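For clarity, every value in this text was computed on a predicted model and none was experimentally measured. Below, each value reflects all heavy atoms present in this structure, side chains not excepted, and no hydrogens, waters or symmetry copies. Here is how names work: the chains are called A, B, and so on, in the same order as the sequence lines, proteins then strands, and each is numbered from 1.
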There are 2 protein chains.
Amino acid sequence: MASDGVRMTSQRRLLLALIEGARRPLDVRALLELGRRQGLALDKATVYRTIALLKEHGLVDELDLLHQKGAGHYYEPIPDKQELHLVCLGCGRVVEMACPHFEQVKKEVRRRQGFQVTTARMELGGYCRRCRR
Amino acid sequence: MASDGVRMTSQRRLLLALIEGARRPLDVRALLELGRRQGLALDKATVYRTIALLKEHGLVDELDLLHQKGAGHYYEPIPDKQELHLVCLGCGRVVEMACPHFEQVKKEVRRRQGFQVTTARMELGGYCRRCRR
DNA sequence: GTATTTGCAAAAGCTTTGCTGCAAC
DNA sequence: GTTGCAGCAAAGCTTTTGCAAATAC
(Lines give C-alpha, C1' and ligand atoms only; values in the text may rest on other atoms or scores of the structure.)
Protein backbone atom coordinates (compact mmCIF):
# COMPACT_ATOMS: atom_id res chain seq x y z
CA MET A 1 0.00 0.00 0.00
CA ALA A 2 2.74 2.40 0.88
CA SER A 3 4.32 1.77 -2.46
CA ASP A 4 1.72 2.16 -5.18
CA GLY A 5 4.28 3.84 -7.33
CA VAL A 6 4.98 6.48 -4.73
CA ARG A 7 8.57 6.76 -3.69
CA MET A 8 8.50 6.75 0.07
CA THR A 9 10.75 8.94 2.13
CA SER A 10 10.84 9.19 5.88
CA GLN A 11 8.59 12.24 5.83
CA ARG A 12 6.08 10.59 3.59
CA ARG A 13 6.11 7.47 5.66
CA LEU A 14 5.54 9.48 8.80
CA LEU A 15 2.70 11.50 7.34
CA LEU A 16 0.95 8.45 5.96
CA ALA A 17 1.40 6.66 9.26
CA LEU A 18 -0.04 9.61 11.15
CA ILE A 19 -3.07 9.73 8.89
CA GLU A 20 -3.58 5.99 9.01
CA GLY A 21 -3.08 5.78 12.73
CA ALA A 22 -5.41 8.62 13.68
CA ARG A 23 -8.84 8.09 15.10
CA ARG A 24 -10.18 11.11 13.30
CA PRO A 25 -9.47 13.00 10.10
CA LEU A 26 -6.50 15.33 10.62
CA ASP A 27 -5.87 18.76 9.22
CA VAL A 28 -2.50 20.18 8.20
CA ARG A 29 -2.08 21.94 11.51
CA ALA A 30 -2.59 18.68 13.39
CA LEU A 31 -0.20 16.83 11.11
CA LEU A 32 2.51 19.41 11.67
CA GLU A 33 2.07 19.26 15.40
CA LEU A 34 1.99 15.47 15.60
CA GLY A 35 5.02 15.23 13.36
CA ARG A 36 6.99 17.59 15.54
CA ARG A 37 6.01 15.63 18.60
CA GLN A 38 7.57 12.59 16.93
CA GLY A 39 10.76 14.55 16.66
CA LEU A 40 10.53 15.20 12.93
CA ALA A 41 10.66 18.84 11.90
CA LEU A 42 8.15 19.10 9.10
CA ASP A 43 7.56 22.06 6.90
CA LYS A 44 4.06 22.94 5.82
CA ALA A 45 5.05 23.02 2.18
CA THR A 46 6.21 19.44 2.50
CA VAL A 47 2.99 18.46 4.18
CA TYR A 48 0.89 19.99 1.42
CA ARG A 49 3.05 18.48 -1.28
CA THR A 50 2.93 15.08 0.35
CA ILE A 51 -0.81 15.18 0.77
CA ALA A 52 -1.26 16.10 -2.87
CA LEU A 53 0.88 13.14 -3.80
CA LEU A 54 -0.95 10.74 -1.53
CA LYS A 55 -4.26 11.97 -2.87
CA GLU A 56 -3.18 11.44 -6.46
CA HIS A 57 -2.13 7.92 -5.69
CA GLY A 58 -5.36 7.13 -3.96
CA LEU A 59 -3.88 6.72 -0.51
CA VAL A 60 -5.81 9.43 1.32
CA ASP A 61 -9.19 11.08 1.12
CA GLU A 62 -9.88 14.76 1.63
CA LEU A 63 -12.83 16.11 3.59
CA ASP A 64 -13.92 19.51 4.70
CA LEU A 65 -16.40 18.44 7.37
CA LEU A 66 -18.80 21.18 6.32
CA HIS A 67 -16.26 23.75 7.50
CA GLN A 68 -17.60 23.57 11.01
CA LYS A 69 -14.21 24.48 12.41
CA GLY A 70 -12.78 26.80 9.82
CA ALA A 71 -11.78 26.78 6.21
CA GLY A 72 -9.26 23.98 6.08
CA HIS A 73 -9.33 20.38 4.98
CA TYR A 74 -9.04 17.09 6.74
CA TYR A 75 -7.37 13.92 5.63
CA GLU A 76 -8.04 10.28 6.33
CA PRO A 77 -7.07 6.93 4.88
CA ILE A 78 -9.30 5.62 2.14
CA PRO A 79 -11.71 3.25 3.81
CA ASP A 80 -12.59 -0.18 2.47
CA LYS A 81 -16.19 0.78 2.08
CA GLN A 82 -17.52 4.21 1.27
CA GLU A 83 -18.28 6.11 4.43
CA LEU A 84 -20.63 8.81 5.53
CA HIS A 85 -19.24 11.56 7.73
CA LEU A 86 -21.70 12.78 10.27
CA VAL A 87 -20.78 16.21 11.58
CA CYS A 88 -22.64 17.27 14.70
CA LEU A 89 -23.59 20.92 14.43
CA GLY A 90 -24.00 21.02 18.20
CA CYS A 91 -20.74 19.67 19.59
CA GLY A 92 -18.66 19.44 16.44
CA ARG A 93 -17.92 15.76 16.82
CA VAL A 94 -17.46 13.72 13.68
CA VAL A 95 -18.74 10.19 13.44
CA GLU A 96 -18.07 7.91 10.53
CA MET A 97 -20.36 5.22 9.33
CA ALA A 98 -20.40 2.88 6.38
CA CYS A 99 -22.70 4.31 3.77
CA PRO A 100 -25.70 2.06 3.32
CA HIS A 101 -26.93 1.75 -0.25
CA PHE A 102 -23.78 3.29 -1.66
CA GLU A 103 -23.36 0.59 -4.24
CA GLN A 104 -26.93 1.03 -5.42
CA VAL A 105 -26.54 4.79 -5.61
CA LYS A 106 -23.42 4.35 -7.69
CA LYS A 107 -25.25 1.97 -9.99
CA GLU A 108 -28.14 4.35 -10.47
CA VAL A 109 -25.82 7.24 -11.19
CA ARG A 110 -24.22 5.08 -13.81
CA ARG A 111 -27.50 3.95 -15.27
CA ARG A 112 -29.29 7.29 -15.25
CA GLN A 113 -26.44 9.64 -16.14
CA GLY A 114 -23.80 7.43 -17.67
CA PHE A 115 -21.54 8.77 -14.96
CA GLN A 116 -18.83 6.55 -13.55
CA VAL A 117 -18.07 7.35 -9.93
CA THR A 118 -14.48 7.11 -8.78
CA THR A 119 -14.54 9.13 -5.59
CA ALA A 120 -17.18 10.39 -3.21
CA ARG A 121 -17.47 12.93 -0.47
CA MET A 122 -20.55 12.53 1.63
CA GLU A 123 -20.94 14.73 4.65
CA LEU A 124 -24.12 15.00 6.65
CA GLY A 125 -24.71 17.72 9.20
CA GLY A 126 -27.16 17.41 12.04
CA TYR A 127 -27.35 16.56 15.71
CA CYS A 128 -25.89 13.60 17.49
CA ARG A 129 -27.73 11.66 20.15
CA ARG A 130 -26.31 13.77 22.96
CA CYS A 131 -27.00 17.10 21.33
CA ARG A 132 -30.58 16.38 20.36
CA ARG A 133 -33.16 17.49 22.88
CA MET B 1 -39.46 32.13 1.50
CA ALA B 2 -37.57 35.37 1.10
CA SER B 3 -38.74 36.40 4.52
CA ASP B 4 -38.05 33.60 6.96
CA GLY B 5 -37.05 36.14 9.55
CA VAL B 6 -34.42 37.63 7.26
CA ARG B 7 -34.73 41.32 6.69
CA MET B 8 -34.49 41.72 2.94
CA THR B 9 -32.65 44.60 1.38
CA SER B 10 -32.18 45.21 -2.30
CA GLN B 11 -28.75 43.60 -2.24
CA ARG B 12 -30.01 40.54 -0.44
CA ARG B 13 -32.92 40.24 -2.79
CA LEU B 14 -30.62 40.47 -5.77
CA LEU B 15 -28.18 37.91 -4.44
CA LEU B 16 -30.90 35.46 -3.56
CA ALA B 17 -32.50 35.97 -6.96
CA LEU B 18 -29.20 35.35 -8.69
CA ILE B 19 -28.64 32.14 -6.78
CA GLU B 20 -32.18 30.96 -7.32
CA GLY B 21 -32.20 31.87 -10.97
CA ALA B 22 -28.90 30.26 -11.87
CA ARG B 23 -28.61 27.00 -13.72
CA ARG B 24 -25.51 26.05 -11.82
CA PRO B 25 -24.04 26.69 -8.39
CA LEU B 26 -22.33 30.08 -8.34
CA ASP B 27 -19.22 31.18 -6.53
CA VAL B 28 -18.57 34.59 -5.04
CA ARG B 29 -16.72 35.76 -8.06
CA ALA B 30 -19.65 34.90 -10.32
CA LEU B 31 -22.11 36.57 -7.97
CA LEU B 32 -20.09 39.77 -7.97
CA GLU B 33 -19.90 39.79 -11.71
CA LEU B 34 -23.56 39.02 -12.30
CA GLY B 35 -24.59 41.61 -9.75
CA ARG B 36 -22.51 44.27 -11.43
CA ARG B 37 -24.01 43.35 -14.76
CA GLN B 38 -27.42 44.04 -13.24
CA GLY B 39 -26.19 47.50 -12.40
CA LEU B 40 -25.77 46.93 -8.68
CA ALA B 41 -22.32 47.63 -7.33
CA LEU B 42 -21.73 44.88 -4.83
CA ASP B 43 -18.83 44.56 -2.48
CA LYS B 44 -17.38 41.17 -1.72
CA ALA B 45 -17.75 41.74 2.00
CA THR B 46 -21.46 42.20 1.46
CA VAL B 47 -21.66 39.07 -0.62
CA TYR B 48 -19.95 37.00 2.03
CA ARG B 49 -22.07 38.49 4.78
CA THR B 50 -25.24 37.92 2.84
CA ILE B 51 -24.37 34.35 2.02
CA ALA B 52 -23.66 33.64 5.67
CA LEU B 53 -27.06 35.04 6.53
CA LEU B 54 -28.85 33.07 3.86
CA LYS B 55 -27.10 29.91 4.95
CA GLU B 56 -28.10 30.44 8.57
CA HIS B 57 -31.68 30.86 7.56
CA GLY B 58 -31.67 27.78 5.41
CA LEU B 59 -32.10 29.59 2.11
CA VAL B 60 -28.94 28.44 0.37
CA ASP B 61 -26.64 25.45 0.35
CA GLU B 62 -22.89 25.55 0.14
CA LEU B 63 -20.82 23.19 -2.00
CA ASP B 64 -17.20 22.92 -2.87
CA LEU B 65 -17.51 20.64 -5.87
CA LEU B 66 -14.43 18.73 -4.78
CA HIS B 67 -12.37 21.86 -5.39
CA GLN B 68 -11.97 20.93 -9.01
CA LYS B 69 -11.70 24.57 -10.00
CA GLY B 70 -9.92 26.12 -7.09
CA ALA B 71 -10.38 26.71 -3.42
CA GLY B 72 -13.68 28.55 -3.27
CA HIS B 73 -17.25 27.60 -2.57
CA TYR B 74 -20.38 27.46 -4.61
CA TYR B 75 -23.90 28.35 -3.64
CA GLU B 76 -27.26 27.08 -4.78
CA PRO B 77 -30.83 27.22 -3.56
CA ILE B 78 -31.89 24.42 -1.26
CA PRO B 79 -33.55 21.85 -3.47
CA ASP B 80 -36.84 20.14 -2.66
CA LYS B 81 -35.20 16.77 -2.63
CA GLN B 82 -31.69 16.01 -1.60
CA GLU B 83 -29.38 16.07 -4.57
CA LEU B 84 -26.16 14.44 -5.61
CA HIS B 85 -23.57 16.58 -7.31
CA LEU B 86 -21.63 14.74 -9.94
CA VAL B 87 -18.37 16.45 -10.74
CA CYS B 88 -16.65 15.22 -13.87
CA LEU B 89 -12.92 14.99 -13.29
CA GLY B 90 -12.39 15.08 -17.03
CA CYS B 91 -14.25 18.13 -18.27
CA GLY B 92 -15.22 19.74 -14.97
CA ARG B 93 -18.92 19.77 -15.69
CA VAL B 94 -21.28 19.46 -12.77
CA VAL B 95 -24.49 17.50 -13.07
CA GLU B 96 -27.11 17.37 -10.40
CA MET B 97 -29.35 14.47 -9.76
CA ALA B 98 -31.90 13.61 -7.12
CA CYS B 99 -30.26 11.33 -4.60
CA PRO B 100 -31.84 7.89 -4.75
CA HIS B 101 -32.26 6.19 -1.39
CA PHE B 102 -31.56 9.39 0.51
CA GLU B 103 -34.53 8.94 2.78
CA GLN B 104 -33.49 5.43 3.64
CA VAL B 105 -29.93 6.52 4.33
CA LYS B 106 -31.20 9.23 6.64
CA LYS B 107 -33.36 6.71 8.45
CA GLU B 108 -30.50 4.32 8.92
CA VAL B 109 -28.24 7.04 10.20
CA ARG B 110 -30.91 7.88 12.70
CA ARG B 111 -31.46 4.30 13.70
CA ARG B 112 -27.84 3.20 13.90
CA GLN B 113 -26.23 6.33 15.33
CA GLY B 114 -29.07 8.29 16.85
CA PHE B 115 -27.98 11.08 14.54
CA GLN B 116 -30.58 13.44 13.14
CA VAL B 117 -29.61 14.76 9.72
CA THR B 118 -30.48 18.35 8.91
CA THR B 119 -28.20 19.07 5.99
CA ALA B 120 -26.19 17.03 3.53
CA ARG B 121 -23.39 17.58 1.09
CA MET B 122 -22.94 14.75 -1.32
CA GLU B 123 -20.41 15.18 -4.07
CA LEU B 124 -19.30 12.37 -6.33
CA GLY B 125 -16.30 12.64 -8.59
CA GLY B 126 -15.81 10.55 -11.68
CA TYR B 127 -16.24 10.62 -15.41
CA CYS B 128 -19.26 11.66 -17.38
CA ARG B 129 -20.50 9.80 -20.42
CA ARG B 130 -18.48 11.92 -22.78
CA CYS B 131 -15.25 11.74 -20.88
CA ARG B 132 -15.28 8.00 -20.35
CA ARG B 133 -13.42 6.01 -22.93
C1' DG C 1 -33.22 59.06 15.98
C1' DT C 2 -31.70 54.45 16.55
C1' DA C 3 -30.41 50.25 14.62
C1' DT C 4 -28.76 47.75 10.85
C1' DT C 5 -26.34 47.39 6.61
C1' DT C 6 -22.74 48.67 3.31
C1' DG C 7 -18.14 49.80 1.38
C1' DC C 8 -13.47 50.05 1.84
C1' DA C 9 -9.23 48.66 3.36
C1' DA C 10 -6.68 45.82 6.07
C1' DA C 11 -5.90 41.50 8.08
C1' DA C 12 -6.30 36.62 8.65
C1' DG C 13 -6.47 31.94 7.29
C1' DC C 14 -5.15 28.22 4.04
C1' DT C 15 -2.50 26.69 0.20
C1' DT C 16 0.91 27.08 -3.56
C1' DT C 17 5.23 28.32 -5.72
C1' DG C 18 10.24 29.63 -6.70
C1' DC C 19 14.37 28.73 -5.57
C1' DT C 20 18.47 26.95 -3.24
C1' DG C 21 20.67 23.36 -1.01
C1' DC C 22 20.45 18.37 0.27
C1' DA C 23 19.70 13.50 -0.12
C1' DA C 24 18.89 9.38 -2.76
C1' DC C 25 20.14 6.39 -6.41
C1' DG D 1 26.40 12.93 -11.60
C1' DT D 2 21.58 13.25 -12.19
C1' DT D 3 17.16 13.29 -10.33
C1' DG D 4 14.02 14.21 -7.16
C1' DC D 5 12.92 16.00 -2.24
C1' DA D 6 12.87 19.36 1.62
C1' DG D 7 13.12 23.86 3.72
C1' DC D 8 12.36 28.62 3.62
C1' DA D 9 10.27 32.68 2.35
C1' DA D 10 7.21 34.98 -0.48
C1' DA D 11 3.08 35.23 -2.90
C1' DG D 12 -1.83 33.96 -4.09
C1' DC D 13 -6.60 33.06 -2.98
C1' DT D 14 -10.52 33.04 -0.33
C1' DT D 15 -12.76 34.77 3.51
C1' DT D 16 -13.29 37.76 7.68
C1' DT D 17 -13.14 41.99 10.38
C1' DG D 18 -12.98 47.06 12.00
C1' DC D 19 -14.74 51.13 11.33
C1' DA D 20 -16.93 55.18 9.24
C1' DA D 21 -20.55 56.54 6.15
C1' DA D 22 -25.03 55.44 4.33
C1' DT D 23 -29.50 53.39 4.62
C1' DA D 24 -33.72 51.53 6.63
C1' DC D 25 -37.30 51.71 10.01
Side-chain angles (χ1 to χ4, degrees), chain A residues 2-19 25-36 38-57 59-76 92 121, chain B residues 2-19 25-36 38-57 59-76 92 121:
Chain A
S3 55
D4 283 9
V6 190
R7 190 214 286 237
M8 294 305 277
T9 63
S10 59
Q11 317 243 2
R12 291 179 185 172
R13 252 187 292 277
L14 172 65
L15 284 167
L16 187 54
L18 287 175
I19 292 173
L26 300 173
D27 62 5
V28 169
R29 192 198 179 88
L31 285 168
L32 282 168
E33 201 167 301
L34 289 172
R36 291 206 177 104
Q38 306 269 331
L40 233 153
L42 289 164
D43 187 79
K44 64 182 183 311
T46 305
V47 174
Y48 281 109
R49 284 191 275 234
T50 302
I51 286 169
L53 193 78
L54 297 176
K55 270 198 293 181
E56 274 169 34
H57 287 267
L59 294 171
V60 306
D61 248 358
E62 182 183 73
L63 307 167
D64 63 21
L65 301 182
L66 304 177
H67 293 306
Q68 267 296 103
K69 296 172 192 165
H73 291 102
Y74 298 83
Y75 303 92
E76 63 169 19
R121 187 187 293 189
Chain B
S3 56
D4 283 8
V6 190
R7 190 215 285 242
M8 292 307 276
T9 63
S10 59
Q11 317 242 3
R12 289 178 186 170
R13 252 186 293 275
L14 172 65
L15 284 167
L16 187 53
L18 288 175
I19 292 172
L26 301 173
D27 62 5
V28 169
R29 190 197 179 90
L31 286 168
L32 282 169
E33 202 168 301
L34 290 172
R36 291 205 178 105
Q38 305 270 330
L40 234 154
L42 289 164
D43 187 80
K44 63 183 183 312
T46 305
V47 174
Y48 280 110
R49 284 190 278 233
T50 302
I51 285 169
L53 194 77
L54 297 175
K55 271 197 293 180
E56 275 169 35
H57 288 267
L59 295 171
V60 306
D61 249 357
E62 183 183 71
L63 307 168
D64 62 22
L65 302 181
L66 303 177
H67 291 307
Q68 266 298 102
K69 295 173 193 165
H73 291 101
Y74 298 82
Y75 303 92
E76 66 170 17
R121 188 187 293 188

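Closest to the side chain of Asp43(A), from the set dC8(D), dC25(C), dT15(D), is dC8(D). For Ala45(A), the side-chain atoms get nearest to dT17(C) when compared with the rest of dT6(C), dT16(C), dT17(C). Closest to the side chain of Thr9(B), out of dT6(C), dC8(D), dT15(D), is dT6(C). Taking only side-chain atoms of Gln11(A), from C-beta outward, the nucleotide of dT15(C), dA6(D), dC25(C) with the closest atom is dA6(D).
Across Leu26(A), Asp27(A), Val28(A), a single residue satisfies side-chain contact (heavy atoms from CB on, under 4.5 Å) together with Tyr75(A), and that is Val28(A).
Nearest-nucleotide assignment on DNA chain C puts the 5′-proximal partner with Thr50(B), out of Lys44(B) and Thr50(B). Between Leu53(B) and Arg49(A), the residue anchored closer to the 5' end of DNA chain C is Leu53(B), taking for each the nucleotide with the nearest heavy atom.
Residue Tyr48(B) has a polar side-chain atom (N or O) positioned under 4.0 Å from OP1 or OP2 of dT15(D). Within the 4.0 Å cut-off from OP1 or OP2 of dC14(C), not a single side-chain nitrogen or oxygen of His73(A) is found.
Within 4.0 Å of Ala41(B), counting heavy atoms only, lie sugar-phosphate atoms of the nucleic acid but no base atom. No engagement by Arg29(B) is indicated, since no non-hydrogen atom pair under 4.0 Å with the nucleic acid exists. Arg12(B) comes within 4.0 angstrom of sugar-phosphate atoms only, judged by non-hydrogen atoms across all strands, and of no base.
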Pair Asp64(B)-Arg121(A), salt bridge (Lys or Arg N to Asp or Glu O under 4.0 Å): steps then yes or no: CA-CA 10 Å; Asp64(B) 62 22; Arg121(A) 187 187 293 189; 2.7 Å; yes
